[in-house]
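Here the structure is laid out as structure tokens; the discussion comes afterwards.
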Amino acid sequence: MRRPLVAGNWKMYGTRHSIDELLSGLNAQQWPEQVDLLIAPPALYIQQCREALGQSPVRLAGQSCAWQAESGALTGEVSPAQLRDAGCEYVLVGHSERRSLFGETDEVVCRKFAAALACGLRPILCVGETQQQRDANETAEVVGRQLQVILERFGVAGLAQGVVAYEPVWAIGTGLTASPEQAQEVHAMIRARLALLDDEQAQRVQIVYGGSVKAENASALFSMPDIDGGLVGGASLNADEFGAIARAAGQVQ
Ligand code: PEP
């Protein structure tokens with residue numbers, strides 16, 4: 001049985017003050033016990049989050065990391081080892097904003113995945129198609145390619161050390177959500193592809209959905225058989241909304 005996971009991606013939002021308020025709101029939530037919970041704040045504020053969260057079940061994630069595990073001459077980057085040192089347990093790799101705005105290729109994403117694993121971080125591999133690719137019926141091919149590079153290097157067992165986030169690009173930050181059926185279709189396709197290689201490991205991989213998840217659509221999405229929770233952007237900046245999404249994940253049988 002897979003545990004659901006709900007992750008909040010704060011992107012490049014927040015100030016020390018607004019993050020203090022958000023953390024107070026998070027600390028006032030009733031968290032479901034059976035859900036893995038995490039937030040990915042801007043790197044600058046990880047320490048602030050760590051101190052405020054204390055014994056909270058909410059874990060920390062980086063939003064990206066360098067492609068090299070340990071320190072080095074990479075101005076502006078944060079290494080997976082530094083994220084780990086700061087208290088992170090997870091890191092996002094291959095978010096569509098990193099792929100489209102910062103030119104991260106599948107090979108770069110794979111190097112980051114490897115560097116994260118080498119430091120004991122669980123990488124959350126983001127995959128997903130654009131609207132144009134969906135319209136051209138290329139979803140399976142695009143998502144398959146994004147997974148393939150990781151599978152060739154690490155196999156399904158290596159992928160299972162991380163998490164897969166299916167995030168259709170057309171649904172990120174747009175208010176457009178994939179319907180539960182549309183999302184389930186891709187999640188099932190991903191799991192079937194993994195199962196062809198290693199069925200036992202494929203059943204262990206947490207595959208979460210991201211793309212305009214809110215409290216109002218979370219239950220319907222999370223009740224689909226291959227959707228193991230969510231990666232939440234905008235709605236994670238509101239503590240009550242994020243709490244409600246987490247509880248929705250906790251209520252799924
Ligand atoms: C994201 O940034 O990963 C995301 C899913 O954003 P949103 O929930 O705002 O669509």
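Residues take their numbers from the sequence shown, with the count starting at 1. Counting starts at 1 for both ligands and their atoms, in listed order.
Near Ser212, meaning under 4.0 Å from one of its heavy atoms, ligand 1 places the atoms 7 (P), 8 (O), 10 (O). For ligand 1, the atoms lying closer than 4.0 Å to a non-hydrogen atom of Asn9 are 1 (C), 2 (O), 3 (O). Within the listing of ligand 1, atoms 5 (C), 10 (O) sit less than 4.0 angstrom from a heavy atom of Gly211. Within ligand 1, the atoms closer than 4.0 Å to a non-hydrogen atom of Gly173 are 7 (P), 9 (O), 10 (O), numbered from 1 in the order shown. Counting atoms of ligand 1 from 1 in the listed order, those under 4.0 Å from a heavy atom of Gly233 are 4 (C), 5 (C), 6 (O), 7 (P), 8 (O), 9 (O). Residue Gly234 has at least one heavy-atom neighbour below 4.0 Å for each of these atoms of ligand 1: 7 (P), 8 (O), 9 (O).
At least one N or O atom of Glu167 sits closer than 3.5 Å to an N or O atom of ligand 1. Some N or O of Lys11 is nearer than 3.5 Å to an N or O of ligand 1, by distance alone.
Ring planes of Phe242 and Trp31: perpendicular class, angle over 60° (limits at 30 and 60°).
With a 4.0 Å cut-off on non-hydrogen atoms, Ala171 touches ligand 1 through its backbone and not its side chain. Residue Ile172 touches ligand 1 through backbone and side chain together, judged by heavy-atom distances below 4.0 Å.
A salt bridge is defined here as a Lys NZ or Arg NE, NH1 or NH2 lying under 4.0 Å from an Asp or Glu carboxylate O, and Glu138 with Arg134 fails to meet this definition.
Judged purely by atom type and a 3.5 angstrom limit, Thr174 uses its side chain to pair as donor or acceptor with the backbone of Leu176. Between the side chain of Gln146 and the backbone N or O of Gly128 there is at least one donor-acceptor pair closer than 3.5 Å. Under a 3.5 Å cut-off, the side chain of Glu167 and the backbone N or O of Cys126 do not form any donor-acceptor pair. Remark: side-chain polar atoms of Glu241 are paired, donor with acceptor, to backbone N or O of Ala215 under 3.5 angstrom. For Asn217 (side chain) and Ser212 (main-chain N/O), a donor-acceptor pair under 3.5 Å exists by modelled atom type.
In this structure, Lys214 falls outside the shell of residues with a heavy atom less than 4.0 angstrom from ligand 1.
For atom 1 (C) of ligand 1, the nearest non-hydrogen atom of the protein is His95 NE2, 3.2 Å.
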**Request:** Evaluate the salt bridge (Lys or Arg N to Asp or Glu O under 4.0 Å) criterion for residues Arg84 and Glu89: first the C-alpha distance (whole Å), next the side-chain angles of each, then the deciding distance (0.1 Å), finally the verdict.
**Result:** CA-CA 6 Å; Arg84 191 89 171 102; Glu89 295 176 38; over 6 Å; no
